[in-house]
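Notes follow once the structure below has been shown.
When reading the values below, keep in mind they use all heavy atoms of this one structure, side chains included, and skip hydrogens, waters and symmetry mates. All ligand and atom numbering here is 1-based and tracks the order in the structure.
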Amino acid sequence: MRQRGASGRAGLVQVYTGDGKGKTTAAIGTGIRALGHGWRVHMLQFLKGGDPLSPYGEILALARLPGFTVEQLGPPHFVHPGSASEEDRKAIRRGLERAREALSSGEYDLVILDEINVALQLGLAEVDEVLALLDGKAEGTEVILTGRGAPRELIERADLVSLVEAVKHPFERGIAARPGIDY
Ligand code: ATP
Ligand code: MG
């Protein structure tokens, strides 16, 4: 197992959180930048997936970019607070196990755990489990965790934290999610 990432340095922990738009796309942008330097990038998307007729644009684009792989772990529907099913919980458990493998194997230089903060907010994972994933990561692997409501313990543990503030969003004027921009 390689001890250092493609950058030749120890991998750090980044968190992109807040209520504004731009967290997942910032993580993907960083992944593309890393790919340009020959990094092996893997993104695990929690709470996403499903509709093959209306996939996220990033899934379609990344299929054309060898070296930047993605797995959607689901559940493939919106989970309201307090309404998670047993299937939803299983999807998150499977995701955490995949995250453990991806982070500890040394196979990737950058691992993105997209929306994992939302799984924490919904009570579908515990912050201690996520901290344990970080403790067990290969030294050279950089990790980005995204999603609203990052818990204090994660913010304290991270090396880089960006808070995306919602100042305006067209949704407030009744403009629905747009393909190419929002998904
Ligand atoms: P993106 O995937 O575009 O980078 P994000 O990861 O920061 O957005 P999420 O909190 O994961 O945002 O929410 C995903 C969806 O919700 C996107 O379609 C996004 O445009 C939309 N969204 C994000 N912030 C807001 C907001 N403040 N008001 C309304 N919709 C929002
Ligand atoms: Mg997001």
Practice task
Would you check if Glu58 and Val70 make a side-chain contact, meaning some heavy-atom pair closer than 4.5 Å?
Solution key: no
Practice task
May I ask you to check whether over 12 heavy atoms, not counting those of Glu126, lie within 6.0 Å of atom CD?
Solution key: no
Exercise for the section: Show which atoms of ligand 1 fall inside a sub-4.0 Å distance from at least one heavy-atom site of Phe171. Expected result: 29 (C)
Handout entry: Nearest candidate to atom 13 (O) of ligand 1, where distance is taken over non-hydrogen atoms, out of Lys168, Glu165, Lys21, Arg148
Key = Arg148
Handout entry: Any protein heavy atom nearer than 4.0 Å to atom 19 (C) of ligand 1
Key = yes
Practice task
Kindly say whether Lys137 contributes a backbone atom to a donor-acceptor pair with the side chain of Ser104 at under 3.5 angstrom?
Solution key: no
Practice task
Might you confirm whether atom CD of Glu87 has over 12 heavy atoms from other residues, nucleotides or ligands at distances under 6.0 Å?
Solution key: no
Problem - Closest to atom 29 (C) of ligand 1 (judged by heavy-atom distance), picking from His169, Glu115, Arg178, Lys23 - result: His169
Completion exercise
Within 4.0 Å of some non-hydrogen atom of Thr24, the atoms of ligand 1 are 2 (O), 4 (O), 5 (P), 6 (O)
Problem - Glu172 heavy atom under 4.0 Å from ligand 1 - result: no
Handout entry: Protein heavy atom at shortest distance from atom 4 (O) of ligand 1
Key = Thr25 OG1, 2.6 Å
Practice task
Verify the contact flag for atom 24 (N) of ligand 1, where contact means a protein heavy atom under 4.0 Å away.
Solution key: yes
Fill in the blank from the handout: Of all heavy-atom pairs linking Arg148 and Asp19, the shortest is NH2-O, 3.4 Å
Problem - ligand 1 atoms in contact with Ala166 (distance to a heavy atom under 4.0 Å) - result: 27 (N)
Completion exercise
among protein heavy atoms, the one nearest atom 17 (C) of ligand 1 is Asp182 O, 3.8 Å
Practice task
Report yes or no: does Thr24 have an N/O/S atom closer than 2.8 Å to the Mg ion (ligand 2)?
Solution key: yes
For residues 158-178, tabulate all N or O donor-acceptor pairs below 3.5 Å that involve a side-chain atom, not counting sequence neighbours.
residue, atom, partner, partner atom, Å
Asp159, OD2, Val13, N, 2.8
His169, ND1, Phe171, N, 3.0

Practice task
Tell me, please, if Glu115 has any N/O/S atom, main chain or side chain, under 2.8 Å from the Mg ion (ligand 2)?
Solution key: yes
Exercise for the section: Among all protein heavy atoms, pick the one closest to atom 8 (O) of ligand 1 and tell me residue, atom and distance. Expected result: Gly22 N, 3.5 Å
Practice task
Examine the side chains of Asp109 and His37 and answer whether a donor and an acceptor come within less than 3.5 Å of each other.
Solution key: no
Exercise for the section: Describe, in one word, how the ring planes of Tyr56 and Tyr183 are oriented to each other, choosing from parallel (under 30°), tilted (30 to 60°) and perpendicular (over 60°). Expected result: perpendicular
Practice task
Please say which of Asn117, Leu113, Ile144 ends up in a side chain to side chain contact (heavy atoms under 4.5 Å, CB included) with Val15.
Solution key: Asn117
Handout entry: Where ligand 1 meets Gly20 - atom numbers and elements under 4.0 angstrom, heavy-atom basis
Key = 7 (O), 24 (N)
Handout entry: Test item, Asp19 contacting ligand 1 (heavy atom, 4.0 angstrom)
Key = yes
Exercise for the section: Report the C-alpha separation of His42 and Glu71 in whole Å, then their side-chain angles, then the decisive distance to 0.1 Å, and conclude whether the side-chain hydrogen bond (donor to acceptor under 3.5 Å, both in side chains) test is met. Expected result: CA-CA 8 Å; His42 192 57; Glu71 277 176 82; 2.6 Å; yes
